[in-house]
Amino acid sequence: MRDHVRAPDGRRLRVDISGDPDGQPVFLLHGMPGSRVGPRPRPMFLYQRGTRLISYDRPGYGGSDRMEGRRVADVVHDVAVVADALDLDTFAVAGRSGGAPHALACAALLPDRVTRAAALVGLAPRDAAGLDWFAGMAPSNVDEFRTAFTDPERFVARLIPRSAEIRNNPARLLEQLRAELTADDRLIVSDLAIRSMLLRNYREALRTSPYGWVDDALALTGHWGFDPADIRVPVLLWHGAQDVFSPASHSSWLADRIPRATAVVEPAAAHFAALRALPSILSWLLPNPGKA
């Protein structure tokens with residue numbers, strides 16, 4: 001398997017595969033900003049679980065070409081292209097943070113290929129009826145998402161220089177978030193191994209352009225292109241009750257609308273605790289570990 005595939009429109013998609021090359025396939029869709037090298041369980045854990053973990057850079061991030069104007073639903077075309085290149089008929093999918101709505105899109109629009117889906121610390125659609133979308137959200141995220149929704153040109157003009165700063169010094173992003181992190185999240189991101197993965201992830205995400213981040217935010221605050229209520233495969237919604245970047249009320253809203261959803265809310269956990277939850281999430285996604 002090469003480290004990239006080509007979409008039908010000619011775009012390059014950069015791919016990373018870890019774990020057991022003959023194991024059961026799981027797509028892991030990264031956060032925002034993020035990349036294919038984002039945090040995940042160690043390769044030996046994946047190998048022992050018989051898991052082949054597949055990640056790729058969403059358009060505009062890392063080594064993947066931009067797809068201007070993309071919607072959340074457009075992820076399904078790229079996931080299908082990568083799956084076809086790997087000769088995969090079926091697979092599970094997980095998404096963390098900004099990747100969570102994209103995982104739900106795969107569950108909704110690839111029902112014959114996605115076996116199970118997990119959405120960790122994700123968001124609900126911006127037009128979610130009955131949900132106060134910004135309630136409980138940190139001021140920095142309120143400002144970012146509200147500007148992306150109401151004044152996209154201003155949002156882009158602000159994010160481009162910020163992305164350049166973070167590309168040159170990825171630790172800047174964690175520094176900017178620090179005041180809004182819970183004590184538990186601060187403990188998690190101070191772990192040397194996790195911090196190293198996060199910094200590598202942010203650097204790679206913004207290495208070639210800021211537009212993966214730009215287009216993610218615009219897609220998440222625009223119309224997703226699918227209705228979560230149409231999802232028919234089993235879905236696990238995992239959230240930390242103390243999350244201020246994507247409040248747990250978003251997962252509660254989704255759980256009320258996705259027919260086969262199971263919601264897990266950890267009372268003391270926040271946003272970055274999803275990194276610790278990933279191994280158990282994989283166990284749920286692949287209830288019968290082994291070879292593909």
Side-chain angles (χ1 to χ4, degrees), residues 1-5 7 13-31 34-58 64 75-122 193 197 201 228 231-239 254 258-264 273-292:
M1 172 67 187
R2 296 167 299 173
D3 64 1
H4 72 278
V5 298
L13 298 172
R14 188 72 186 272
V15 181
D16 182 86
I17 302 173
S18 58
D20 184 349
D22 298 317
Q24 295 186 74
V26 178
F27 277 81
L28 177 61
L29 306 184
H30 62 72
S35 72
R36 69 192 186 282
V37 300
R40 80 280 305 277
R42 296 180 184 277
M44 183 54 67
F45 171 86
L46 296 170
Y47 190 86
Q48 291 171 344
R49 286 283 307 168
T51 303
R52 175 165 44 158
L53 199 67
I54 305 155
S55 301
Y56 80 100
D57 296 332
R58 278 195 298 280
S64 290
V75 70
V76 303
H77 305 296
D78 290 346
V79 167
V81 165
V82 176
D84 290 345
L86 294 170
D87 295 323
L88 301 176
D89 293 327
T90 60
F91 46 84
V93 62
R96 184 181 67 84
S97 192
H102 294 85
L104 295 178
C106 293
L109 301 175
L110 294 173
D112 296 330
R113 304 189 72 173
V114 172
T115 55
R116 289 186 167 202
L120 292 76
V121 295
M197 284 191 289
N201 176 46
I231 298 173
R232 293 295 178 266
V233 304
V235 172
L236 178 63
L237 301 163
W238 188 98
H239 227 114
L254 289 164
I258 299 174
R260 301 179 66 187
T262 299
V264 175
L275 302 179
R276 293 189 306 210
L278 268 174
S280 62
I281 297 297
L282 289 174
S283 296
W284 182 87
L285 287 168
L286 302 174
N288 301 304
K291 303 296 182 181

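For clarity, every value in this text was computed on a predicted model and none was experimentally measured.
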State whether the side chain of Asn201 and the backbone N or O of Ser35 hold a donor-acceptor pair below 3.5 Å, judged by distance alone.
yes
Please name all residues satisfying side chain to side chain contact (heavy atoms under 4.5 Å, CB included) with [X], sequence neighbours left out, ordered by chain then number.
X      : answer
Val264 : Leu236, Trp238, Glu266
Ala108 : Phe226, Ile231
Arg276 : Asp184, Ile188, Ala273
Leu278 : Leu28, Pro41, Leu120

How far does [atom1] of [X] sit from [atom2] of [Y], to the nearest 0.5 angstrom?
X      : Y      : atom1 : atom2 : value
Leu275 : Met197 : CG    : CE    : 7.0 Å
Arg36  : Arg58  : CZ    : CZ    : 13.5 Å
Leu29  : Ile54  : CG    : CD1   : 10.5 Å

Who pairs with Arg14 by salt bridge (Lys or Arg N to Asp or Glu O under 4.0 Å), at least two apart in sequence or on another chain?
Asp3
Arg40: which residues meet the salt bridge (Lys or Arg N to Asp or Glu O under 4.0 Å) condition with it, sequence neighbours left out?
Asp16
Could you list the donor-acceptor pairs under 3.5 angstrom formed by side chains in residues 78-103, with sequence neighbours left out?
residue : atom : partner : partner atom : Å
Asp78   : OD1  : Arg11   : NH2          : 2.8
Asp78   : OD2  : Arg11   : NH1          : 3.3
Asp84   : OD1  : Arg113  : NH1          : 3.0
Asp84   : OD1  : Arg113  : NH2          : 3.0
Ser97   : OG   : His271  : NE2          : 3.1
His102  : ND1  : Gly98   : O            : 2.9

One pair to check against side chain to side chain contact (heavy atoms under 4.5 Å, CB included): Cys106 and Val75. What are the steps and the verdict?
CA-CA 7 Å; Cys106 293; Val75 70; 4.1 Å; yes
Is there any salt bridge (charged side-chain N to carboxylate O under 4.0 Å, His left out) pair reaching into residues 100-112, and which pairs are they, with sequence neighbours excluded?
none
Taking all heavy atoms of [X] and all of [Y], pick out the closest pair and write down the distance.
X      : Y      : value
Asp20  : Arg52  : O-CB, 3.1 Å
Ala193 : Arg42  : CB-NH2, 4.3 Å
Pro111 : Val233 : O-CG1, 4.1 Å
Leu285 : Pro287 : O-CD, 3.3 Å

Is there a side-chain contact between [X] and [Y], using heavy atoms and a 4.5 Å cut-off?
X      : Y     : result
Leu286 : Val26 : yes
Tyr47  : Ser18 : no
Leu282 : Phe45 : yes

Mind checking what makes ring pair (Phe, Tyr, Trp, His ring centres under 6.0 Å) contact with His30, not counting sequence neighbours?
Tyr61
Intermediate values then yes/no, side chain to side chain contact (heavy atoms under 4.5 Å, CB included), Ile17 and Leu53
CA-CA 6 Å; Ile17 302 173; Leu53 199 67; over 6 Å; no
